Amino acid sequence: MAASPGPAGVGGAGAVYGSGPLGFALDSGLEIKTRSVEQTLLPLVSQITTLINHKDNTKKSDKTLQAIQRVGQAVNLAVGRFVKVGEAIANENWDLKEEINIACIEAKQAGETIAALTDITNLNHLESDGQITIFTDKTGVIKAARLLLSSVTKVLLLADRVVIKQIITSRNKRRTIYNLRHS
């Protein structure tokens, strides 16, 4: 997923834009300005794109359903690990704690929704040809994916603010020490 920066890294109207091999676009009201955030989102976008782009036919083989379920579970597990890191960052940064925690809660809910919508354990509509007829809630997966990408992006941007604040603090401390030694 690549940002669409203009001069000096300015994107258009505060949107997150996707381009490149995934062909994924999302307007979440956020603007990706840092390459690290962009690169961190790529695997997640790839997995979600896989879920959303699976064929729309209502009959799916057991193997296809299991693959969809594995991707849904993988997304949920990755989100769970991500949320733990986000919560740890929030606990160390009181000024951003509420914002990070809200975004983490949204990410966790979205990950759980994706896992639930791709769970095949409750399916029992086996047809005579050995395939299962299902009516995938693709709209639900898309909504959950949008929420997930938006909330993960928020956490990453807030974490970037923490890192930038730490860099500035460190520079200021070094500058103060330097000035004290040379005055």
Side-chain angles (χ1 to χ4, degrees), residues 1-6 8-20 22 24-51 70-118 141-183:
M1 184 161 126
S4 295
V10 178
V16 174
Y17 297 100
S19 62
L22 299 176
F24 184 83
L26 170 69
D27 180 1
S28 66
L30 297 173
E31 182 178 336
I32 297 178
K33 293 183 180 181
T34 64
R35 187 85 172 141
S36 63
V37 172
E38 186 178 319
Q39 291 301 311
T40 303
L41 288 173
L42 279 174
L44 182 59
V45 170
S46 177
Q47 287 183 322
I48 289 172
T49 302
T50 299
L51 282 176
R70 280 192 306 275
V71 172
Q73 290 171 341
V75 167
N76 191 35
L77 289 172
V79 169
R81 289 189 298 269
F82 177 84
V83 164
K84 286 182 183 178
V85 173
E87 289 169 342
I89 292 169
N91 288 333
E92 294 175 4
N93 297 279
W94 291 95
D95 53 331
L96 299 175
K97 183 174 181 157
E98 185 177 352
E99 284 181 89
I100 293 173
N101 280 335
I102 290 169
C104 285
I105 289 167
E106 289 174 353
K108 185 176 181 184
Q109 289 172 343
E112 290 171 351
T113 299
I114 288 171
L117 292 172
T118 58
V141 172
I142 291 170
K143 285 180 182 179
R146 285 182 176 155
L147 176 61
L148 179 59
L149 289 172
S150 174
S151 57
V152 166
T153 302
K154 286 176 192 174
V155 172
L156 291 171
L157 292 172
L158 291 166
D160 267 7
R161 282 177 45 189
V162 169
V163 171
I164 290 168
K165 184 173 69 174
Q166 290 170 344
I167 290 170
I168 291 170
T169 302
S170 176
R171 274 192 196 154
N172 288 341
K173 284 180 183 177
R174 283 192 305 229
R175 188 174 297 138
T176 302
I177 291 169
Y178 176 82
N179 289 337
L180 288 173
R181 287 184 181 164
H182 293 91
S183 54

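Since the model is a prediction, treat every value here as computed from it, not as a measurement.
With rounding to the nearest 0.5 Å, the separation of CG in Leu96 from CG in Asn101 is 10.5 Å. Atom-to-atom distance recorded for Ile100:CD1 and Leu156:CG is 10.5 Å, nearest 0.5 angstrom. If you take CG on Asn172 and CG on Asn179, they are separated by 10.5 Å, rounding to the nearest 0.5 Å. Atom NZ in Lys84 sits 9.5 Å away from atom CZ in Arg81 (nearest 0.5 Å). Note: Gln109 CD to Cys104 SG = 11.5 Å, rounded to the nearest 0.5 Å. One distance of note links CD1 of Ile168 with NZ of Lys165; it measures 10.0 Å at 0.5 Å rounding.
A heavy-atom distance below 4.5 Å is found between the side chains of Arg171 and Arg174. Between Glu87 and Lys108, the closest side-chain pair of non-hydrogen atoms is not below 4.5 Å.
Taking all atoms of both residues into account, the shortest heavy-atom contact from Ala159 to Ile89 is CB-CD1, 4.0 Å. Annotation for Ala110 and Ala144: closest pair CB-O, 3.4 Å, computed over non-hydrogen atoms. Between Val79 and Leu148, the closest heavy-atom pair is CG2-CD1, 3.4 Å. Taking all atoms of both residues into account, the shortest heavy-atom contact from Gly111 to Asn76 is C-OD1, 3.1 Å.
A donor-acceptor pair is defined here as one N or O able to donate and one able to accept, closer than 3.5 Å; such a pair exists between the side chain of Thr118 and the backbone of Ile114.
The neighbour count for Lys143 NZ, taken as heavy atoms of other residues, nucleotides or ligands under 6.0 Å away, does not exceed 12.
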- Task: Show the numbers, then the answer: is there a side chain to side chain contact (heavy atoms under 4.5 Å, CB included) between Gln166 and Thr169?
- Result: CA-CA 5 Å; Gln166 290 170 344; Thr169 302; 5.6 Å; no
